[in-house]
Amino acid sequence: MKFKEIELEQVAGFKSQWPDESIEEIAFVGRSNVGKSSFINAFLGRKNLARTSSKPGKTRTINFYNIDNKFRLVDLPGYGYARVSKAEKAKWDKLINEYLHQRENLKEVFLLVDIRHDPTQLDLQMYEWILESGFIGFVIATKYDKISKNKLSKHIKAIKNKLNIDDEGLIFAYSSENKHNLSVIHEQVDVIVNN
C-alpha cells in the first residue's frame, strides 16, 4: 500500500476544529508510550510525520491526516499517562470520547497495546467500547522486537484473554524495527477503506 499525498489536514483540540465528514476515517488509539507515533510514521512511509518523543503523552490533540483524498488516518491522544494534571487528563478523555462517540464517518478503530505487558483496565474499557460501537476490534501489539520470538504465543494469548478476544487473527504483533506485519495491516486497512 503506497501513498502519494499525505497531508496533516487538521490538528484539533476541540470538536469545532474537526474537518468535515466527507471522507471516511480510520482511527488509531492506545495508551501513552505504546509506540503509536512510530507505528503511524511506518504505516504512512514517512519518517517524522507523527512526532515521536521519549516523553509519553506528546499527542494532546486529535491529528487528522488526509491520505490521497481517499481516507483520513486519525491519531488520537494517548490515554492513561499519569504525569499530567487531572484537568489535562479530563480534557483528553473528553476529546477522545466525543470523537469516538460522535464521528459519523469513522469506519474503524485500531487499538494499540504494548506486547510486553498485559493490557490495562483502560485498554479493556477502550476495547469494549470499540466492540460495542460495532467496530471489528483489531489490536496492534507493538514492540514485538522487545520479546523473544519463542514467547510470542504466550504474549498474544495474554492479550487475547485480557481483552476477551475470540479470534486471535484480530491481533497483529508489530515491530517498528523490522516492520513485522506492516504489510498485513496495510492490506486490512485497504479492505476497510475500499468496502
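Values below: every heavy atom of this structure, side chains too, minus hydrogens, waters and symmetry copies.
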>> If I take atom CG from residue L106 and atom CG from residue L100, how far apart are they, to the nearest 0.5 angstrom?
In response: 6.5 Å
> Checking side-chain contact (heavy atoms from CB on, under 4.5 Å) for the pair R31/D123: CA distance, chi angles, key distance, verdict?
Replying inline: CA-CA 7 Å; R31 285 174 60 229; D123 291 324; 3.4 Å; yes
> Is there a donor-acceptor pair under 3.5 Å between the side chain of D75 and the backbone N or O of N63?
Replying inline: no
>> Quick check: is F14 connected to V11 through a chain of hydrophobic side chains (ILVMFWY, heavy atoms under 4.5 Å apart)?
In response: no
> Would a line drawn from the ring center of F3 to the ring center of F43 be shorter than 6.0 Å?
Replying inline: yes
> Which heavy atom of I147 sits nearest a heavy atom of L152, and at what distance?
Replying inline: CD1-CA, 4.0 Å
> Would you call R116 and D114 a salt bridge, using N to O less than 4.0 angstrom?
Replying inline: yes
> Taking everything shown except Q102 itself, do over 12 heavy atoms lie less than 6.0 Å from its CD?
Replying inline: yes
>> Test side-chain contact (heavy atoms from CB on, under 4.5 Å) on W129 and F135; report intermediate values, then the result.
In response: CA-CA 9 Å; W129 181 87; F135 298 112; 3.9 Å; yes
> Any side-chain heavy atom of E108 sitting closer than 4.5 Å to one from I136?
Replying inline: yes
>> Looking at L76, is its backbone amide N or carbonyl O close enough to the side chain of K36 to form a donor-acceptor pair, meaning the two atoms are under 3.5 Å apart?
In response: yes
> How many angstroms lie between CZ in F172 and CZ in F39, if you round to the nearest 0.5 Å?
Replying inline: 9.5 Å
> So, for N181 and A173, which heavy atoms are closest and what is the spacing to 0.1 Å?
Replying inline: ND2-O, 2.9 Å
> Checking side chain to side chain donor-acceptor pair (under 3.5 Å) against N66, which of E25, E9, R72 comes through?
Replying inline: E9
>> Tell me if the NZ atom of K157 is crowded by more than 12 foreign heavy atoms within 6.0 Å.
In response: no
>> What's the separation between atom CG in L131 and atom CG in L111, rounded to the nearest 0.5 Å?
In response: 9.5 Å
> Would you say I62 and L95 make side-chain contact, with heavy atoms under 4.5 Å?
Replying inline: yes
> At their closest point, which heavy atom of V29 faces which heavy atom of V109, and how far apart are they?
Replying inline: CG1-CG1, 3.8 Å
> Would F64 and L8 satisfy side-chain contact (heavy atoms from CB on, under 4.5 Å), going step by step from the backbone distance to the final call?
Replying inline: CA-CA 6 Å; F64 295 84; L8 177 53; 5.8 Å; no
>> Treating K107 as the side-chain partner and F71 as the backbone partner, does any N or O pair qualify as donor plus acceptor under 3.5 Å?
In response: no
> From D118 CG over to N161 CG, what is the distance, rounded to the nearest 0.5 angstrom?
Replying inline: 9.0 Å
> Can you tell if the side chain of T142 reaches within under 4.5 Å of the side chain of I140, non-hydrogen atoms only?
Replying inline: yes
> F138 versus Q188: any side-chain heavy-atom pair under 4.5 Å?
Replying inline: yes
>> Within the structure provided, determine whether N41 and L49 are in side-chain contact (heavy-atom separation under 4.5 Å).
In response: yes
> What closest approach, in Å, do M126 and I96 show between heavy atoms, and which atom pair accounts for it?
Replying inline: CE-CG2, 4.0 Å
> Roughly how far apart are K143 NZ and H117 NE2, rounded to 0.5 Å?
Replying inline: 7.5 Å
>> Under a 3.5 Å distance rule, please check whether K179 uses its side chain to pair with a backbone N or O of S176 as donor and acceptor.
In response: yes
> Around D166, counting heavy atoms of other residues, nucleotides and ligands shown, do more than 12 lie under 6.0 Å from its CG?
Replying inline: no
> Once you round to the nearest 0.5 Å, how far does OG of S183 lie from CG of D190?
Replying inline: 12.0 Å
> Between I165 and Y127, is any pair of side-chain heavy atoms under 4.5 Å apart?
Replying inline: yes
> Any side-chain heavy atom of K2 within less than 4.5 Å of one from H186?
Replying inline: no
> Any luck finding a side-chain donor-acceptor pair between N178 and S175 under 3.5 Å?
Replying inline: yes
> Side chains of L124 and N164: does their closest heavy-atom pair fall under 4.5 Å?
Replying inline: yes
> If you look at every heavy atom in Q17 and Q10, which pair is closest and at what distance?
Replying inline: O-CG, 3.0 Å
>> Run the side-chain contact (heavy atoms from CB on, under 4.5 Å) test on K70 and I23 for me, step by step, so that the C-alpha distance in whole Å, both residues' side-chain angles and the decisive distance to 0.1 Å come before the verdict.
In response: CA-CA 7 Å; K70 287 186 179 170; I23 57 175; over 6 Å; no
> Between F28 and F110, is the gap from one ring center to the other below 6.0 Å?
Replying inline: yes
> Any side-chain donor paired with an acceptor under 3.5 Å for R46 and N48?
Replying inline: no
> Does NZ or CZ of K149 come closer than 6.0 Å to the centre of the six-membered ring of Y144, within 45° of the ring's axis?
Replying inline: yes
>> So which atom in G137 and which in I130 form the shortest heavy-atom distance, rounded to 0.1 Å?
In response: CA-CG2, 4.1 Å
